[in-house]
Amino acid sequence: MFQDDDKLGGFTTEEGQREFIEAYNSVMEDIPKPSEEFLVETKFGKVKVYKFLEEGTESKIPLLLLPGKSASTPMWEPNLKDLMKDRPIYTIDLLGEPGLSVQTKKIVTSTDQAVWLNNVIDQLPEETVHLAGLSFGGWSAVNVTLFKSAKIASLTLIDPVYVFGPIPLKMIIASIPASIPAVPKSIREKMLSYIAGGAETDESVPIGKLIETGMRNYKSKLPMPKEITEEQLRELKMPVLGILAEDSTMHHSEESLDVGIENLKNPLSHMVMFPNASHAINGEYPEELAKNIVDFLQKVEINMNN
């Protein structure tokens, strides 16, 4: 939605919104058709929700996927086909980020971000959900869980930021141009390629084009995430799967691995490092990622039923 309130996230121009939606719809054509799509009213805006369902999986606990910063549901294109073979999948477009969700109230704190996401989870019809997030989506998953969201059975954190350690200063400096609309598109594409370990992110890559278009045309007004502390990690009672990319630019991977191993206390929790993977891990290793997630969720549910 084109937004003229400087306190709220929104597209800066109607032309920019049209350009983004065109890129969004282009990727959506390449993913399985959702069985449902709807808007959920929250205290901070309307959240776009999709449900993907393959016949025979209806009885399984669903998995809710949270995208990364400046991303949205289409970024899961490499992963949906494999994940939905195992169980129903929900995806959402985050409030305050480019997508089809519409922010209507200023989001000021981490608690605000937990509140609206918990509003969504509470309104899903199932009694229990598994939660997975990539990058900033991983932070969002931990943040809402610490808010004591009651329906979450497990967490899967895919190369999350601000969860197992800080973002390196070099990455923070490199990312600054991405938030400035006047910066040439070629510079923004180079920054995205750096995050993605050198992968192409120009207009020939639909998901790269989607993210670049969102960064250029959407004004985000969200607070900086508060880094999750080791004490907070120890508070997580449910099973947690941490999947890290060895070559990620968004954290120090070996240090992050150690933090997760030392502080996740549930016996089913474990950490995995993907060798040679970048922060674009979900597009680089979709089959391996799905196998790790499916195996983890099946173990969690066997334990739940015993």
Side-chain angles (χ1 to χ4, degrees), residues 1-12 20 40-48 64-72 75 92-122 131 133-149 152 155 157-181 183 188 191 195 211 214-233 235-236 249-251 256 279:
M1 166 178 166
F2 170 59
Q3 183 63 261
D4 59 4
D5 186 335
D6 192 51
K7 297 180 180 180
L8 302 179
F11 291 97
T12 54
F20 174 83
V40 172
E41 289 275 1
T42 76
K43 292 182 178 180
F44 292 89
K46 298 178 180 179
V47 176
K48 183 69 174 183
L64 170 59
L65 301 176
L66 306 180
K69 190 166 184 62
S70 296
S72 48
M75 66 148 284
I92 65 172
D93 294 353
L94 301 178
L95 275 182
E97 298 284 0
L100 302 188
S101 295
V102 180
Q103 185 182 349
T104 57
K105 182 180 177 182
K106 189 174 181 181
I107 296 172
V108 180
T109 66
S110 297
T111 298
D112 292 343
Q113 289 174 288
V115 165
W116 76 254
L117 182 50
N118 194 55
N119 289 162
V120 174
I121 294 170
D122 277 349
L131 196 56
L134 170 67
S135 187
F136 278 88
W139 176 87
S140 296
V142 176
N143 184 57
V144 73
T145 302
L146 292 170
F147 182 68
K148 312 302 181 189
S149 183
I152 300 171
L155 294 179
L157 310 176
I158 308 165
D159 213 47
V161 298
Y162 293 117
V163 173
F164 300 116
I167 294 179
L169 180 60
K170 180 180 178 181
M171 184 64 244
I172 293 173
I173 293 171
S175 66
I176 290 173
S179 61
I180 304 173
V183 168
R188 188 176 292 103
M191 190 276 290
I195 293 174
I211 294 174
M215 284 181 162
R216 180 162 39 87
N217 291 301
Y218 191 93
K219 156 189 81 173
S220 182
K221 292 290 182 177
L222 295 176
M224 280 294 294
K226 286 185 177 180
E227 186 177 334
I228 303 300
T229 66
E230 293 185 13
E231 181 181 0
Q232 287 174 316
L233 287 176
E235 290 176 16
L236 298 173
T249 56
M250 302 303 283
H251 55 84
S256 295
H279 193 57

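Only heavy atoms go into these numbers, but all of them, side chains included; no hydrogens, no water, no symmetry mates. In this text, all values refer to a predicted model and were calculated from it rather than measured experimentally. Residue indices begin at 1 and follow the sequence shown.
Judged as a ring pair (Phe, Tyr, Trp, His ring centres under 6.0 Å), and not counting sequence neighbours, the contacts of F20 are F11, Y24. Listed by chain and residue number, nothing satisfies the side chain to side chain donor-acceptor pair (under 3.5 Å) test with N119 (two or more places apart in sequence, or in another chain). Partners of S256 according to the side chain to side chain donor-acceptor pair (under 3.5 Å) rule, which considers only residues two or more places apart in sequence or in another chain, are H251. Residues passing the side-chain contact (heavy atoms from CB on, under 4.5 Å) test with E227 are Y162, P166, sequence neighbours excluded. For S149, the side chain to side chain donor-acceptor pair (under 3.5 Å) partners two or more places apart in sequence, or in a different chain, are N118. S135 pairs by the side chain to side chain donor-acceptor pair (under 3.5 Å) definition with H279, not counting sequence neighbours.
L157 approaches G138 most closely through the heavy-atom pair CD2-O, 3.6 Å. Across all their heavy atoms, S70 and P98 have their closest contact at CA-CD, 3.7 Å. Closest non-hydrogen pair, M75 versus G68, comes out as SD-N, 3.5 Å. Closest of all the heavy-atom pairs between K221 and K7 is CB-O, 3.7 Å. In plain terms, the two heavy atoms of G99 and S72 that are nearest each other are CA-CB, 4.3 Å.
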**Verdict with reasoning, I92 to L117, per side-chain contact (heavy atoms from CB on, under 4.5 Å)** = CA-CA 10 Å; I92 65 172; L117 182 50; 3.7 Å; yes
**side-chain contact (heavy atoms from CB on, under 4.5 Å) assessment of I228 paired with L146** = CA-CA 10 Å; I228 303 300; L146 292 170; 4.0 Å; yes
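Using modelled atom types, no side-chain atom of S220 and backbone atom of G9 make a donor-acceptor pair closer than 3.5 Å.
Put simply, CD on Q113 and CH2 on W139 are 4.0 Å apart, with the number rounded to the nearest 0.5 Å. Put simply, CG on L236 and OG1 on T145 are 6.5 Å apart, with the number rounded to the nearest 0.5 Å. Rounding to the nearest 0.5 Å places CE of M250 at 8.5 Å from CG of D159. Atom CD of Q103 is separated from atom OG1 of T42 by 9.0 Å, given to the nearest 0.5 angstrom. Note that CZ of F136 and CD1 of I167 are 4.5 Å apart. Values are rounded to the nearest 0.5 Å. Going from atom CG of L65 over to atom CD1 of I158 covers 7.0 Å, rounded to the nearest 0.5 Å.
A heavy-atom distance below 4.5 Å is not found between the side chains of L95 and T104. Side-chain contact between L94 and W116 is present, with at least one heavy-atom pair separated by less than 4.5 Å.
Residue pairs meeting the salt bridge (Lys or Arg N to Asp or Glu O under 4.0 Å) criterion with at least one partner in residues 92-119, sequence neighbours excluded, are K69-E97.
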